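For reference, the structure is listed below as structure tokens.
Everything numeric here is computed off the predicted structure, so don't read it as measured data.
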Amino acid sequence: MREAIVATVRSHWGLGSRVLAEIFLGDASGVEQERFARYQRAAASPEIAAALLELIYRNDVRAELERVRAPTLVVHRRADRAIPYRLGRELAAAIPGAALIPLEGSAHFPWVGDRRSVARALRSVLAPEAPARVGGEPAAVLLSGREREVLALVASGLSDREIAEQLVLSHHTVHRHVANIRHKLGRGSRTAAVAEAARLGLL
């Protein structure tokens, strides 16, 4: 598939630019896709575009990930057509202490589609609200061992049903654990709870 896309870009840049627009923009409108296709053709020759695409396909940072020491948040849309979601999960799993915030949508570029969900995910880490407190103690210290276990699986991008299967629990039990985690961390969504947990060093 990669070879076919590169070959199309190199030999039929008009068609190739439209193929790339559909991959990068996901379910964006035809007008947006055509505008981006024109932008690509104006920005690069077919040969340069093909060479850059080949470079991206060859780029492999897996051997370097365990050396990352900075706090890391991976934000990835589940239906991303350019980079499969499973690779986002693998990236987060390979970086020590990284958290994954999965988002809905198919666009690869963060400014396409539901931009607000991307901004909320980033803001939850870059400008978090003060953590909730219960009885004067930070809510984070009230997480049980099981809740921390569930939290880690939520951060890896698993759904409640997948977590239930992995931990051999009922779906209802996992749902209750997730609700308790959100309450204790003072966050209204799974995404925000994961981001807060990463900020507090719980992941």
Side-chain angles (χ1 to χ4, degrees), residues 1-126 153-159 162 190-191 194-195 198 203:
M1 180 63 76
R2 292 177 179 179
E3 292 175 359
I5 292 173
V6 170
T8 302
V9 166
R10 183 172 278 123
S11 59
H12 305 285
W13 190 204
L15 174 59
S17 64
R18 289 193 292 276
V19 168
L20 292 181
E22 185 176 336
I23 291 172
F24 287 126
L25 303 187
D27 295 326
S29 70
V31 171
E32 290 177 282
Q33 291 193 13
E34 185 54 39
R35 184 183 303 127
F36 184 65
R38 286 198 306 270
Y39 171 77
Q40 291 178 104
R41 293 194 297 271
S45 68
E47 190 54 45
I48 292 295
L52 288 173
L53 198 54
E54 287 174 323
L55 180 63
I56 290 169
Y57 284 149
R58 287 197 308 268
N59 193 23
D60 187 344
V61 298
R62 285 176 292 185
E64 307 299 323
L65 296 180
E66 64 181 17
R67 299 171 57 189
V68 175
R69 292 294 175 261
T72 304
L73 176 70
V74 177
V75 179
H76 204 125
R77 289 181 172 132
R78 292 183 184 274
D80 188 330
R81 295 177 184 172
I83 307 292
Y85 176 67
R86 66 175 177 79
L87 295 182
R89 287 178 61 176
E90 290 176 16
L91 179 70
I95 297 175
L100 170 68
I101 296 185
L103 300 177
E104 298 307 315
S106 59
H108 177 67
F109 295 138
W111 58 85
V112 177
D114 184 4
R115 300 180 293 273
R116 291 183 179 181
S117 65
V118 177
R120 280 194 303 270
L122 298 178
R123 191 168 49 242
S124 68
V125 172
L126 298 175
L153 294 174
V154 170
S156 72
L158 298 185
S159 67
E162 291 169 325
R190 293 163 62 98
T191 298
V194 166
L203 294 170

Can you list everything that forms a side-chain contact (heavy atoms from CB on, under 4.5 Å) with Leu52? Sequence neighbours excluded, please. Ile48
Taking side-chain contact (heavy atoms from CB on, under 4.5 Å) as the test, write out the residues that go with Arg62, two or more places apart. Asp60
Applying salt bridge (charged side-chain N to carboxylate O under 4.0 Å, His left out), can you list everything that pairs with Glu34, at least two apart in sequence or on another chain? Arg41
Sorted by chain and number, sequence neighbours left out, side-chain hydrogen bond (donor to acceptor under 3.5 Å, both in side chains) with Ser45 holds for none
Results of side-chain contact (heavy atoms from CB on, under 4.5 Å) for Leu91 - residues two or more places apart only: Leu65, Val74, Ile95
Residues which pass side-chain contact (heavy atoms from CB on, under 4.5 Å) with Phe109, listed by chain and number, not counting sequence neighbours: Phe24, Leu25, Phe36, Trp111, Val112
Starting from the C-alpha separation in whole Å, work towards a yes-or-no answer on side chain to side chain contact (heavy atoms under 4.5 Å, CB included) for Ile5 and Leu20. CA-CA 8 Å; Ile5 292 173; Leu20 292 181; 4.0 Å; yes
Where is the tightest heavy-atom contact between Leu100 and Ala92, given as atom of each residue plus distance? CB-CB, 3.8 Å
Provide the full list of side-chain hydrogen bond (donor to acceptor under 3.5 Å, both in side chains) pairs with a residue in residues 95-109, sequence neighbours left out, each pair given once. Asp27-Ser106, Arg78-Glu104, Asp80-His108
For Thr8, all residues meeting side-chain hydrogen bond (donor to acceptor under 3.5 Å, both in side chains), sequence neighbours excluded: none
Determine the minimum heavy-atom distance between Val194 and Ala99, stating which atoms define it. CG1-CB, 3.8 Å
Take atom OH in Tyr57; do more than 12 heavy atoms of anything else shown fall under 6.0 Å from it? yes
Should Val118 and Arg77 count as side-chain neighbours, where that means a heavy-atom distance under 4.5 Å? yes
Which heavy atom of Ser117 sits nearest a heavy atom of Leu103, and at what distance? OG-CD1, 3.8 Å
Taking all non-hydrogen atoms of both residues into account, name the closest pair between Ala37 and Ala21 and its distance. N-CB, 4.2 Å
Shortest non-hydrogen pair, Ala82 vs Ile23, comes out as CA-CG2, 3.6 Å
Can you list the residues that meet the salt bridge (charged side-chain N to carboxylate O under 4.0 Å, His left out) rule with Arg67, with sequence neighbours excluded? Glu64
Is there any salt bridge (Lys or Arg N to Asp or Glu O under 4.0 Å) pair reaching into residues 86-95, and which pairs are they, with sequence neighbours excluded? Arg86-Glu90
Is there a side-chain contact between Arg58 and Leu55, using heavy atoms and a 4.5 Å cut-off? yes
Checking His76 side chain against Ile83 main chain: does a donor-acceptor pair fall under 3.5 Å? yes
Quick one: list whatever passes salt bridge (charged side-chain N to carboxylate O under 4.0 Å, His left out) with Arg10, sequence neighbours left out. Glu47, Glu54
Closest non-hydrogen atom pair between Pro96 and Arg69, with its separation: CG-NH1, 3.5 Å
